[in-house]
Each structure stands twice: as structure tokens, then as C-alpha cells.
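Written out below as C-alpha cells is the structure these notes cover.
No hydrogens, no waters, no symmetry mates; every other heavy atom, side chains included, goes into these values. Per chain, numbering begins at 1; letters A, B, ... match sequence-line order.
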There are 2 protein chains.
Amino acid sequence: MDWTFRADAPIYTQLYEQLTLSIVAGAYAPGERLPAVRELAVDAGVNPNTVQRALSELERDGLVFSQRTAGRFVTEDAGRIEQERREIARTRAGEFLAAMERLGYDREAALALLEEMKGEET
Amino acid sequence: MDWTFRADAPIYTQLYEQLTLSIVAGAYAPGERLPAVRELAVDAGVNPNTVQRALSELERDGLVFSQRTAGRFVTEDAGRIEQERREIARTRAGEFLAAMERLGYDREAALALLEEMKGEET
DNA sequence: ATTATTGTACTAATCACTTAATACACTAAT
DNA sequence: ATTAGTGTATTAAGTGATTAGTACAATAAT
């Protein structure tokens with residue numbers, strides 16, 4: 001993992017987002033053990049507590065669970081992971097549509113814009 | 001204007017965004033005079049400097065200009081306003097596609113999701 | 001039993017950013 | 001000339017959250 005952080009948002013937030021994406025996109029398999037808090041911390045060059053905080057949120061989301069002395073693991077519930085993936089996608093889509101609406105683009109127009117951008121780089 | 005602020009972002013940012021939207025969506029016409037800094041400040045219940053800061057950014061974007069003793073005005077360049085509207089829309093669209101891609105949705109799938117959401121509220 | 005490795009809790013300090021207070025500058029109108 | 005209404009600059013203080021330091025707890029392996 002590259003672990004490069006922007007300055008415009010807390011590190012723990014960025015860790016949280018990147019870890020979520022890693023799990024949801026399948027980079028960590030269901031049931032797989034995650035690196036230890038201290039290990040991740042060294043790897044990312046941050047304080048263990050910062051990692052801890054990010055991981056707590058993943059736990060709150062039900063994407064990981066921890067066994068006090070063995071370590072942290074990705075949930076074995078593949079359905080939960082897929083559900084999370086869908087939820088994030090729907091949220092993003094909703095936010096996008098809302099933003100476009102405020103700009104005076106109705107849904108047709110928003111879709112048209114996306115169609116028109118198909119060939120381009122992001 | 002309702003001027004209600006969230007707690008998760010600076011006030012000046014939110015002012016900036018809302019004012020931008022107001023201009024771009026045509027709530028303020030090209031050439032129209034904006035309320036004075038102090039007036040907006042009272043209206044929104046914030047410090048004049050906070051308003052000043054938001055307005056400075058609008059100026060940087062070329063959406064407003066100020067005449068030192070007369071007040072601030074929306075640019076008369078309607079093309080500039082439309083351009084800004086388009087830019088914001090394209091940026092949002094690009095961000096959306098990028099986010100969806102990280103989630104494993106290619107463009108087809110992203111569009112399909114939006115189609116599927118057409119009937120819903122945001 | 002001891003050690004090493006894990007997650008967790010608590011406290012404190014740093015640190016940057018936002019916001020506020022205040023004073024200044026300029027112009028038009030009276 | 002004076003006043004009132006603009007935008008602007010500068011400085012200071014608050015404030016809140018992030019991050020770090022350090023110590024604790026629990027279990028598995030040796």
C-alpha cells in the first residue's frame with residue numbers, strides 16, 4: 001500500500017477510507033487477518049493510536065472484528081462486504097445527483113454529461 | 001437565504017459554496033449588486049471577516065468584483081458564470097466516476113446505477 | 001512461569017485553523 | 001467639510017480536534 005496522505009483531512013479518516021476500499025474491493029479477503037496495529041502504524045509512518053482509531057470505525061461498520069490477542073480480521077460475512085460496497089456506491093450516486101440538481105442539471109442532463117465524458121480520463 | 005451551517009466544515013467554506021451556487025444557478029443576476037459585507041454578516045449571524053473571506057474566493061474565481069466604496073457585484077460576464085457552472089459539473093462528474101471506479105464499478109455500471117435510482121429521492 | 005505479541009485505554013500537548021475585534025482607507029452624497 | 005457606507009488589512013485569541021506518549025490487559029507460545 002502506498003499510504004500517502006493529503007493535508008486537507010485527518011489521517012485517521014484517510015486510513016479509514018482506504019482500508020474500507022481495500023476490503024470492499026477485495027484486496028483483503030473475507031476472514032483474512034490484517035496487519036497488527038503497530039505494524040500498520042510503522043508502515044504508514046503514523047502513531048499506532050491513529051491506526052487504532054481508523055480500525056475502530058471499520059469495526060463499527062462491521063467490516064472487521066478483533067480478537068484481543070490474536071489480531072484483527074476482515075469479517076467472514078462476504079454479504080456484509082458486498083452490502084457495504086453497494087451502500088457506498090448508492091451514497092455517492094445520491095450525492096452526485098443532488099449536487100448536479102443544485103447546479104440546475106436534472107437527472108437526464110446529469111446522465112447526458114456522464115455519457116459525454118465516457119472517453120475521458122478521470 | 002437560509003444560512004444554516006454544518007459543523008463539519010468552516011463557515012467561510014460553506015458561505016463560499018452557497019454563494020457560488022446562488023450565482024451559478026442565477027439567484028443573483030450578472031451585474032447585480034451583492035449585499036454589503038456587514039449586511040451579509042448580520043444576516044448569516046457571523047463575523048464580517050468570515051464573509052469577507054468567502055467573497056475573496058469568489059473574486060479569485062472571477063465570479064464577483066468589488067468596487068472599493070460602492071460594494072460588490074456579480075460579474076457581468078454571463079459566459080464566465082456559465083463556464084463556472086459547467087466546470088463544477090464536470091468536476092463533480094469526474095469525482096463521481098473515479099469514486100465508482102475504485103468501488104469496482106466501470107462506467108457502464110455507474111450509469112446503470114444512476115438509471116436505477118431515477119425514481120428515488122435524494 | 002515467562003515472554004512476546006496482540007488490542008485497548010487514558011491523558012496531554014501540539015498545532016493549525018477559524019473566527020473575532022479593531023482600526024484603516026476610500027468615495028459619494030449631503 | 002462632514003458623514004455615512006463601502007471594502008480591506010492586521011492582529012490576536014479561542015477552540016477544538018488530531019496526534020502522540022505511555023501504560024495496561026489479555027492470551028498464546030515457548
Once you round it to whole Å, what is the distance between P of dT8(C) and CG of L58(A)? 12 Å
Value in whole Å for how far the C1' atom of dT19(C) lies from CD of Q52(B): 14 Å
Is there a donor-acceptor pair under 3.5 Å between the side chain of R80(A) and the backbone N or O of L63(A)? no
Just by distance, with hydrogens left out, do D61(A) and Y16(A) show a side-chain donor and acceptor under 3.5 Å apart? yes
Without hydrogens or angle criteria, can the side chains of E84(A) and T20(A) be said to hold a donor-acceptor pair below 3.5 Å? no
When the distance from CG of N47(A) to C1' of dC10(C) is rounded to whole Å, what number comes out? 13 Å
Rounded to whole angstrom units, what separation is found between the CZ atom of R38(B) and the C1' atom of dA25(C)? 11 Å
side-chain hydrogen bond (donor to acceptor under 3.5 Å, both in side chains) with R68(A): which residues, sequence neighbours excluded? none
So, the side chain of T91(B) versus the backbone of E87(B): is there a donor-acceptor pair under 3.5 Å, distance only? yes
When R33(B) and T13(A) are each assigned the nearest nucleotide of DNA chain D, the 5'-most assignment goes to R33(B)
Roughly how many Å is it from CG in L55(A) to P in dG7(C), rounded to a whole number? 8 Å
With a 4.0 Å cut-off on N to O distance, would you call R60(B) and E57(B) a salt bridge? yes
I11(A) near the nucleic acid: base, sugar-phosphate alone, or nothing, with a heavy-atom cut-off under 4.0 Å? sugar-phosphate
Just how far, in rounded Å, is P of dT19(C) from CG of N49(B)? 11 Å
Rounding to a whole Å, what distance do you find between E39(A):CD and dA4(C):C1'? 14 Å
First contact, last contact: which nucleotides of DNA chain D are these for chain B, 5' to 3', heavy-atom distance under 4.0 Å? dG5(D) to dT10(D)
Rounded to whole Å, CD of Q14(B) lies from C1' of dC17(C) at a distance of 15 Å
Within less than 4.0 Å of OP1 or OP2 of dT18(C), is there a side-chain N or O belonging to T50(B)? no
Which part of the nucleic acid, if any, lies within reach of R53(B) when heavy atoms closer than 4.0 Å are counted: base, sugar-phosphate only, or nothing? base
Taking Q14(A) for the side chain and R6(A) for the main chain, is one N or O donor matched with an acceptor at less than 3.5 Å? yes
